[in-house]
Amino acid sequence: MPKIAKVIVDVPTMQTDRPFDYLIPAVLSDTIQPGMRVWVQFGKGARKVSGMVVAISQHADYAGTLKPILTTLDYAPVLNPELLALSQWLAQTTYAFWITCIQTMLPARLKVDTDKWVHASATASPQTLKLLGAQAELALAELTPQALAPVMKAVQQGELTVEYRAHDRARVKTEDHVVPLLDIADYDQLLTELRKNAKQKAHLLNALMTWVTRAETPAVKQVTQTIPRTQLTQAAKAGWLRLEAREVYRDPYPQLANQALTTALPLTPEQAPVVATVGAAVAAEQAKTFLLEGVTGSGKTEVYLQIIAQALAKGRTALMLVPEIALTPQMVQRVRGRFGAAVAVMHSGLSEGEKFDEWRRIQRGEAQVVVGARSAAFAPLRNIGICIIDEEHESSYKQADAPRYHARDVVLHRAQSAHAPVVLGSATPSLESRARAEKGVYTLLRLPHRINQQPLPQVHLIDMRQAYQQGGRDDFSAPLLAALAKRVSRHEQSVLLLNRRGYSAFVMCRECGYKVMCPNCDISLTLHMDTHSLRCHYCGHEEAIPQTCPSCGSKKIRYYGTGTQKVEASLNQLLPQARVLRMDVDTTRRKGGHAKLLKAFGAHQADILLGTQMIAKGLDFPDVTLVGVINADTGLGLPDFRASERTFQLLTQVAGRAGRADKPGEVLIQTFNPEHYAIRFAQAHDYEGFFYAEMAIRHRGDYPPYYYTLKLTVSHQTETKAAKAIYSLAQQVTAALSPDARVLGPTPGAIARLKNRYFYQMVIKYKHEPNLGAVLTQILDETQSSVKNGFQVAIDPEPQDFI
Ligand SMILES: Nc1ncnc2c1ncn2[C@@H]1O[C@H](COP(=O)(O)OP(=O)(O)OP(=O)(O)O)[C@@H](O)[C@H]1O
Ligand SMILES: [Zn+2]
Ligand SMILES: [Zn+2]
């Protein structure tokens, strides 16, 4: 009885979002396993596509004749059974295509690329044949837009046919090594036969004898420092040696390779019981979730490292997630410093090749500790013994595009099947997690004090309404300037936060008020002084800054908004003695830019580190005694029920950068809302107070964590079509819901037009809705058939952004 492979093909549509049956040819019957990528023929044109074997069975679900699998792309599964099951769970819970989930879980290098080629069909006219020139076929990707137009026309008329050709990009990096082939006596003999002046050959033969004695096979890279490569090739031809390509890993952190390992610190009386409690769950293989609520500088990272060590000692592996912006070189160094080569790092700053190699080191069991950002939740670790999510409140753990997963949920799901405990750590836990701890679903553990009983920094609020009346200058109040100046004279350091949430610099005409807008999106363009251009942060459109107003022709074009560059310029004017380092998207765009700036600041090459949100987290610099917040409240006005929570978290985190060593810290927060509860609780370092106050507000408004939320978005290039569609979907959804559910909207998206598409959305708030999943799947099914009409529907469970 032939065996059947169930294959998910790489064709992401609703109709193809299920396993298809393929025959396993006899030659492959011993090889093929679930989790392997294969080539198959698919669809009408029987074109070659890649796919993933998700199961093997004796039974076909399809009654017709089955096509065979053409061949495999992998020698071993790239998804193990646990991850394969996870991919299916992910597809179900995020309403995404199964193939999209599979691809999200694998490194980009394992995604098969398809190129389109055209060649002449039997009906091709001489004119069409001319398009091909002397070639038998053309790669579409290489044609210019002008050349493409007539080719596409010929394709539509059937004179040219398109062929899809997929190719695997999973290439490993190799390095050549010299392998001696003879023994010492032979080399000695050759040496005596050499002509006197053949100095290079003599040198090589001597070297070969040394390598044979030491049983070495040195890298060609090293050998060619003293012996020319041509000598090696000649010697290889003569049969003296062989050049062998060996697989090497690309190391994203070569500078950390030979670092001496750090040892565990003696734990403080607060840390010790936390490590013991979680350690017990690690030992007992209990899938328990702990919420570690520890103030900034309380030594959470040391706790994580010691818990990880316990899991490793049991022969199990560890997964540690850190938000992208907190994944500083400092953090990587701390983990690599403790566990050395056992650590693999996964984040978006790595090259594709580095990501692939780190993934393979994990896959092969050579790395047992993974530290990484959101996507590391899918690291191919086996035998997980502990999972840690640092800064668990961070919204960047939620992916905004399909599959719209939350890394915290993925990790909790994996830990459950691995019987491993999870630690969610934060100084400012999300309301959702803290509420679960309140109900006893999670176990609450606390580190209420800083290491060595260092006090948390004093926080002062500066009322900017008064400061402006008293003649404050630019963005700086008198007290903040004075405090900065004092630090400079004492050779201490300061961190200065410019809150960019809900905010950006723009260009406006002072005569007529014209703002330069993106031609594709309903949003003003953002000013970038380093490139002297205006850019759209949504679609990437870029244009030069106009000299005169495009609307009225006036020359009174002015720059508005507190951009970091503008703040830096006024700091240089107001405090000429201070050396300022600016850290924002512009100065950290290049690879390693982030690390370079932090290193310079750590080496005291600057007095002030000025930056956006990215400086608020994870930094541990002992000489920082002042933290200034230029604008605390830009995010408070956003139409989002999490606005207060986000502001509280940001202020608490950034305040936590001050006074972490022996010198006491001070924090100055400039605000227009000094009475706002989020700002007051941040001033008092009172997370618990904030939690209960905010819970009351959420309760009154029927918001999470009391309700679940789900956002449904429809877009179309024609505004009326999008609007009509959302109203009919709203009816369809409402009909399926119980009276307890609430529907907000439909409304136009906060940015109603993006990339020339119009967006309409609705938000569903609910507690228990057993029918919701079915009606959403039905909606996806129905709208998918209208994709040809240009509709796009997106379902976002627990969205992090309501705009
Ligand atoms: N047991 C200990 N003994 C001595 N020093 C410690 C101990 N544990 C941690 N530290 C030190 O205390 C400082 C703060 O610790 P750490 O950075 O781990 O805090 P954290 O809670 O992760 O802070 P944040 O949430 O602000 O990032 C670090 O410099 C760390 O080396
Ligand atoms: Zn104008
Ligand atoms: Zn745009």
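Along the sequence shown, the residues carry numbers beginning at 1. Just so you know, ligand 1 is whichever comes first in the structure, and atom 1 is the first atom listed for that ligand.
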**Study point:** For Phe681, the option from Phe691, Tyr687, Phe648 that meets side chain to side chain contact (heavy atoms under 4.5 Å, CB included)
**Key:**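 It is Phe648; the other options fail the test.
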
Check your understanding: What residues form a side chain to side chain contact (heavy atoms under 4.5 Å, CB included) with Glu688, not counting sequence neighbours?
Key -> Glu293, Arg434, Arg446, Asp686, Tyr692

Review point. Is any side-chain N of the basic residue among Glu302 and Arg338 closer than 4.0 Å to the acidic one's carboxylate O?
Key: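 Judged by the 4.0 Å cut-off on N to carboxylate O distance, Glu302 and Arg338 do form a salt bridge.
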
Check your understanding: Out of Met331, Arg657, Gln653, whose heavy atom is nearest to atom 27 (O) of ligand 1?
Key ->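 Answer by nearest heavy atom: Arg657.
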
Study note, to complete from the structure: Looking at Gln454, Glu270, Gln271, Arg450, the heavy atom closest to atom 1 (N) of ligand 1 belongs to Gln271

Exercise for review: Apply salt bridge (charged side-chain N to carboxylate O under 4.0 Å, His left out) to Glu358 and Lys355, showing your working.
Suggested key: CA-CA 5 Å; Glu358 290 291 84; Lys355 282 183 198 161; over 6 Å; no

Practice item. Starting at CZ of Phe290, measure out to CD1 of Ile386 and round the result to the nearest 0.5 Å. Key: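 With rounding to 0.5 Å, CZ (Phe290) is 8.0 Å from CD1 (Ile386).
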
Point to revise | Heavy atom of Gly297, distance to ligand 1 below 4.0 Å | key: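 A heavy atom of Gly297 does come that close to ligand 1.
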
Is there a polar contact, in the sense of an N or O pair closer than 3.5 Å, between [X] and ligand 1?
X      : answer
Ser298 : yes
Gly656 : no
Arg334 : yes

At under 4.0 Å between heavy atoms, is it the side chain or the backbone of [X] that contacts ligand 1, or both, or neither?
X      : result
Leu265 : side chain
Asp620 : side chain
Pro266 : backbone
Arg660 : side chain

Practice item. Classify the ring geometry between Phe641 and Tyr703 as parallel (under 30°), tilted (30 to 60°) or perpendicular (over 60°). Key: parallel

Check your understanding: Should we say atom NE2 of His699 is surrounded by more than 12 heavy atoms from elsewhere, each under 6.0 Å from it?
Key -> no

